[in-house]
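Computed from heavy atoms alone, side chains included, the values below leave out hydrogens, waters and symmetry copies. Since this is a predicted model, take the numbers as computed values, not measurements.
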Amino acid sequence: MRAMRVSRREFLRISGVAGGGLLATLSLHAIARAAAEGAPAAESVALGVFIRIDPDNTVVIGARGTEIGQGVRTSLPMLIAEELEVRWDQVRVEQLDYGIAAGGKAGEFVSRYGDQGAGGSTSISDGWIELRQAGAQVRQLLIATAAQVWSISASSLIARDGAVHHADGRALTYGELATRAAASPLPAGPFELKQQKDFRIIGKATKVADCADIVTGRARYGIDASLPGMLYAVIARSPTFDGRVKSYDDSAARKVRGVRFVVPIAAPAAGDFNRNLAAGVAVVADNTWAAMQGRKALRIEWDPGPWATASSREMEQRAHALVAGDAGIQTGRSDGDMARAWADAARKIEATYQVPFLAHATMEPPGATVAITGSRVKLIASLQSPGGASRMVAAMLGISRLDVDIELPRSGGGFGRRLENDFVAEAVLIAQQVQRPVKLVWSRDDDLRNDFYRPFGVQRLRAAADANGRLTGWSHRVAATSRKWRAGRADDPDWVGTLDIDGFPASCVPNYLAEFVDVPFCLARGWWRAPLHTFAAFATQSFVDEVAHALGRDPVELRLELLGAPRDLDYREHGGPVFSTGRLAATLREVARRIGYGRKLPRGHGIGFASHFTFGGYTSHAMEVVAKAGGGWRIERCVCVSDVGVVVNPLGVEAQLMGGTIDGISTALGLEITVEQGVVQQTNYHQYPVLRMPDAPRVEVHVMPSSAAPRGAGEMGVPGALPALANAIFAATGQRQRRLPLSRI
């Protein structure tokens, strides 16, 4: 068979291997057809769905995951390269588009590449076996091809550094073998994978694959999308939740130079949020400036809807009353008899904590570019759930998902915001009406006031202790705005995302009670970086310190005592099914050692700790705070120790833990969304002040060596940073802060 040129489009056209699994082949019919038609010499040969090999032995590996800054465009191809037996300097990484194919039944679809979404820190764990098998499969194909060329047994050959070698010194590069290999079907797996001790790429510090593009401005984000004939759109959305357009006058807007269309955006259907989030009026123009000026010129009369008088202050009052009362209480977990333990306790400790609504405030605001051509759709957007976008767009337009093409550029942050696709729905609605390709642009004001917010909550914790200071009971009651509200999560309990029923210290005390009560309020709710854990850890880990102080105990020793002997506990939330007390305790001991806990501290210095289990990873923080003369404080040191199993890219893990810790500190110090008269009060960073560089501490990150199955690291650094800081402030100043954001005074 002659070698042939393989286009990128043909590279992505695939059919599944036997069993319908992830590993799939380039269409052999296309190969045969190209050869029969006398295609020119190959420039690149595709082997499987992730790998192309150039004649110069450059290996192109497709990155399947949506890159939101968590590093999967680098780490996932590293998994393939490890088993393919190539050097990393031979590899060039390319982002794959979203890919599906028709399934076995009508209306069913299968993934071409496996899970391409980003959420819950699962990209590494999802790809750990799948993608290494993909690399091993192509490696075995190339070895078998070399065996055919030399007419010898494949068992006498090894692959190394992008070539197949024989013991007598003969070698054929992958580039020399690729064209012939493409004529053979991929071998059936599963294949024996390398042991950790034999890794040559996995575990090695590796810079981001597109680092040069990022620092030189060539990296392409969703906001950079451009299509021929494209117009630009912005939307004036209802300022109040569930508000509607009563009437609008667009005469002045249409006079703005460059404005082409003004179109209404209907209010979302009653019930769950599954398309656009708000009613509004869109202005479509030749450029962003004209669209924004046209929006300013609109005269809109709004029907504010049922939440016109909603107030954060009123909601807080209701939440505090509910958490202290007995009405509407739901039990998430009950071990032993906490009521008896509380009644019989020699010492009783109680505290109430409050956490606010949080916006995502990604550096790149939401937005989408959409072109509708007949029955086909082109979507370019920064996404976390491309599968959800594919299903939604197909349903909105009544077309097959196979007719929805989605490009996945790099995202300027995600943090859970892009798990929702409301901005995609808006772009589709506009493109439908104007019959032109449209780029929908959001401003920061649009972003902060139209989000799926991390829930608000008030949390009451109680600890019962006997006369010897041993804990006999622990209760955690949460009054929160349910994450489940209008979220299409009928099968979830009302406390999803707010009550960590199996979290520490569950199963570590003889009597344990976890309760929830709903606090009705406006604002859509969604997942926010480590959502359950950023909500719960501040209260839990702050209260551990309060209990230790009340009982005259050392806070580190009390945590270790509660964790007890190393053992696996049942854990039903995301990141389970087990929680290892030994792994969390190990990170706590290490962070205490690294910050020098137990040394004599200068006057006005204090050290605070927090340890938390997040999505299968174990992370402990220690912060040293210095009280300032005349009031206030500053962070002197910040140490983060984490166990996330086998580490694929140490540089990536370090960056994620460092960034997560900074995000946690930023959240603790300045972030809060409030509502008055039904309107979100924050419009930009001056009212939602993320941490600035001069205020950010240096974060010392240490990753524990581990042979456990790998977990992601994108969210593990956030939850513990907030309570560790609060505990350090108390240790340095004597001021206990139980409400976020923390006071700097």
Side-chain angles (χ1 to χ4, degrees), residues 237-243 273 277-278 302 304-323 352-362 365-366 415-417 420 422 442-459 478-483 485-487 497-498 517-529 531 534-536 538-539 663-692 718 722 725-726 737-745:
R237 297 172 183 82
S238 171
T240 56
F241 195 73
D242 276 346
F273 301 112
L277 186 58
W302 299 102
W307 299 98
T309 61
S311 163
S312 296
R313 287 175 291 181
E314 183 276 332
M315 175 195 62
E316 290 179 14
Q317 292 170 359
R318 282 191 290 116
H320 280 276
L322 286 167
V323 84
T352 300
Y353 302 85
Q354 181 173 310
V355 295
F357 282 116
L358 294 176
H360 297 85
T362 55
F415 312 132
R417 176 61 180 95
E420 307 294 342
D422 53 303
W442 283 43
S443 67
R444 182 61 60 197
D445 183 300
D446 297 331
D447 175 35
L448 287 177
R449 288 184 158 180
N450 297 274
D451 202 348
F452 289 79
Y453 303 93
R454 203 284 311 272
F456 161 92
V458 173
Q459 307 179 52
V478 172
T481 55
S482 175
R483 166 67 180 87
W485 184 64
R486 294 173 68 175
T498 58
V517 58
D518 184 35
V519 182
F521 195 64
C522 63
L523 300 188
R525 274 86 85 177
W527 300 127
W528 191 96
R529 195 174 188 182
T534 54
F535 185 96
F538 172 67
D663 203 2
I665 295 170
S666 178
T667 301
L669 294 183
L671 304 189
E672 180 179 25
I673 290 293
T674 59
V675 175
E676 292 300 332
Q677 295 298 307
V679 178
V680 171
Q681 298 300 291
Q682 289 69 33
T683 63
N684 213 311
Y685 287 130
H686 67 293
Q687 296 166 316
Y688 198 71
V690 297
L691 197 67
R692 270 42 173 189
V718 185
L722 293 84
L725 176 55
Q737 299 197 40
R738 302 187 180 98
R739 173 177 176 149
L740 294 177
L742 303 173
S743 170
R744 294 174 182 259
I745 300 174

Student: Quick check: do Thr481 and Tyr453 have side-chain heavy atoms less than 4.5 Å from each other?
Tutor: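 No, too far: nothing below the 4.5 Å cut-off.
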
Student: Which atom pair, heavy atoms only, marks the closest approach of Ser666 to Pro689?
Tutor: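 Heavy-atom minimum between the residues: OG-O, 4.5 Å.
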
Student: List for me each residue that meets side-chain hydrogen bond (donor to acceptor under 3.5 Å, both in side chains) alongside Thr352, sequence neighbours excluded, and say none if there are none.
Tutor: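 Partners of Thr352 by the side-chain hydrogen bond (donor to acceptor under 3.5 Å, both in side chains) criterion come out as none, since no residue qualifies.
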
Student: If you draw the axis of the six-membered ring of Trp442, does the NZ or CZ of Arg237 fall within 45° of it and under 6.0 Å from the ring centre?
Tutor: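 So Arg237 does make the cation-pi contact.
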
Student: Are Pro366 and Asp447 packed together at the side-chain level, in the sense that at least one heavy-atom pair is separated by less than 4.5 angstrom?
Tutor: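 SC-SC contact between Pro366 and Asp447 confirmed.
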
Student: Looking at residues at least two apart in the chain, or sitting in another chain, which of them share a salt bridge (charged side-chain N to carboxylate O under 4.0 Å, His left out) with Arg738?
Tutor: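 Counting only residues at least two positions away or on another chain, Arg738 forms a salt bridge (charged side-chain N to carboxylate O under 4.0 Å, His left out) with Glu546.
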
Student: Please name all residues satisfying side-chain hydrogen bond (donor to acceptor under 3.5 Å, both in side chains) with Gln459, sequence neighbours left out, ordered by chain then number.
Tutor: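 Counting only residues at least two positions away or on another chain, Gln459 forms a side-chain hydrogen bond (donor to acceptor under 3.5 Å, both in side chains) with His476.
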
Student: Counting C-beta onward and ignoring hydrogens, is there a side-chain heavy-atom pair between Thr667 and Thr534 closer than 4.5 Å?
Tutor: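 The answer is no; the side chains never approach within 4.5 Å.
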
Student: Answer whether the closest heavy-atom distance between the side chains of Asn684 and Asp445 falls below 4.5 Å.
Tutor: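 In short, these two side chains do not touch, never coming nearer than 4.5 Å.
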
Student: NE2 of His360 to OG1 of Thr362: how many Å apart, nearest 0.5 Å?
Tutor: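 Here the interatomic distance stands at 8.5 Å.
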
Student: Report the distance from atom CG of Leu322 to atom CE of Met315, rounding to the nearest 0.5 Å.
Tutor: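 Taking CG in Leu322 and CE in Met315, the distance rounds to 11.5 Å.
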
Student: Supply the atom-to-atom distance Leu523 CG to Arg486 CZ, rounded to the nearest 0.5 angstrom.
Tutor: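 One gets 11.0 Å once the value is rounded to the nearest 0.5 Å.
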
Student: If I compare all heavy atoms of Val458 with all of Ala319, which pair ends up nearest, and what's the gap?
Tutor: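 Looks like CG2-CB, 3.7 Å.
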
Student: Hey, are the side chains of Asp422 and Phe452 touching, using non-hydrogen atoms and a 4.5 Å cut-off?
Tutor: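 Yes - at least one pair of side-chain heavy atoms lies under 4.5 Å apart.
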
Student: Among pairs that include at least one residue of residues 663-692, which meet salt bridge (charged side-chain N to carboxylate O under 4.0 Å, His left out), considering only residues two or more places apart or in two chains?
Tutor: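 Every pair satisfying salt bridge (charged side-chain N to carboxylate O under 4.0 Å, His left out) with a residue in residues 663-692: Arg313-Glu676, Arg529-Asp663, Glu672-Arg739.
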
Student: If you measure from CD on Glu316 to OG1 on Thr674, what distance do you get to the nearest 0.5 Å?
Tutor: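 That separation rounds to 9.0 Å.
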
Student: For Phe273, which residues count as a ring-ring contact (aromatic ring centres under 6.0 Å, His included) partner, sequence neighbours excluded?
Tutor: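 Phe273 satisfies ring-ring contact (aromatic ring centres under 6.0 Å, His included) with Phe241 only.
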
Student: For the residue pair Thr309 and Ser311, establish whether any side-chain heavy-atom pair is separated by less than 4.5 Å.
Tutor: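 Sidechains of Ser311 and Thr309: no contact.
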
Student: Answer yes or no: is there a donor N or O on one side and an acceptor on the other, between the side chain of Gln737 and the main chain of Ser743, under 3.5 Å?
Tutor: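 A pair under 3.5 Å: yes.
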
Student: Under the salt bridge (charged side-chain N to carboxylate O under 4.0 Å, His left out) test, which residues partner Arg525, sequence neighbours left out?
Tutor: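 Arg525 satisfies salt bridge (charged side-chain N to carboxylate O under 4.0 Å, His left out) with no residue once adjacent residues are dropped.
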
Student: Between Ala726 and Phe538, which heavy-atom pair has the shortest distance, and what is it?
Tutor: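 For Ala726 versus Phe538, the nearest heavy atoms are CB-CE1, 3.9 Å.
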
Student: Heavy atoms only: give me the nearest Ser238-Asn450 pair and the separation to one decimal.
Tutor: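 Smallest heavy-atom distance, with atoms named: O-OD1, 4.5 Å.
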
Student: Got a second to check how far Ser482's OG is from Phe521's CZ, nearest 0.5 Å?
Tutor: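 Rounded to the nearest 0.5 Å, the OG-CZ separation comes to 14.5 Å.
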
Student: Considering all heavy atoms of both residues, which atom of Leu725 and which atom of Ala668 are nearest to each other, and what is their separation?
Tutor: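 Answer, listing the atom of Leu725 first, then Ala668: CD2-CB, 4.2 Å.
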
Student: side-chain contact (heavy atoms from CB on, under 4.5 Å), that's the test. Do Arg483 and Trp527 meet it? Break it down for me.
Tutor: CA-CA 8 Å; Arg483 166 67 180 87; Trp527 300 127; 3.2 Å; yes

Student: What's the spacing between Phe535 CZ and Leu358 CG if we round to 0.5 Å?
Tutor: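 It is 10.0 Å, given to the nearest 0.5 Å.
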
Student: Looking at Leu448 and Thr683, what are the two nearest heavy atoms and their distance?
Tutor: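 Smallest heavy-atom distance, with atoms named: CD1-C, 3.5 Å.
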
Student: With a 4.5 Å heavy-atom cut-off, do Leu669 and Pro741 have their side chains touching?
Tutor: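 Side chain of Leu669 against side chain of Pro741, heavy atoms only: no contact under 4.5 Å found.
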
Student: Does any non-hydrogen side-chain atom of Arg444 lie less than 4.5 Å from one of Pro365?
Tutor: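 Pro365 reaches Arg444 side chain to side chain.
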
Student: Would Gln681 and Val679 count as a side-chain contact (heavy atoms from CB on, under 4.5 Å) here? Give the steps.
Tutor: CA-CA 6 Å; Gln681 298 300 291; Val679 178; 4.1 Å; yes

Student: Taking Trp528 for the side chain and Ala359 for the main chain, is one N or O donor matched with an acceptor at less than 3.5 Å?
Tutor: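 Side chain of Trp528 to backbone of Ala359, a donor-acceptor pair under 3.5 Å: yes, one is there.
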
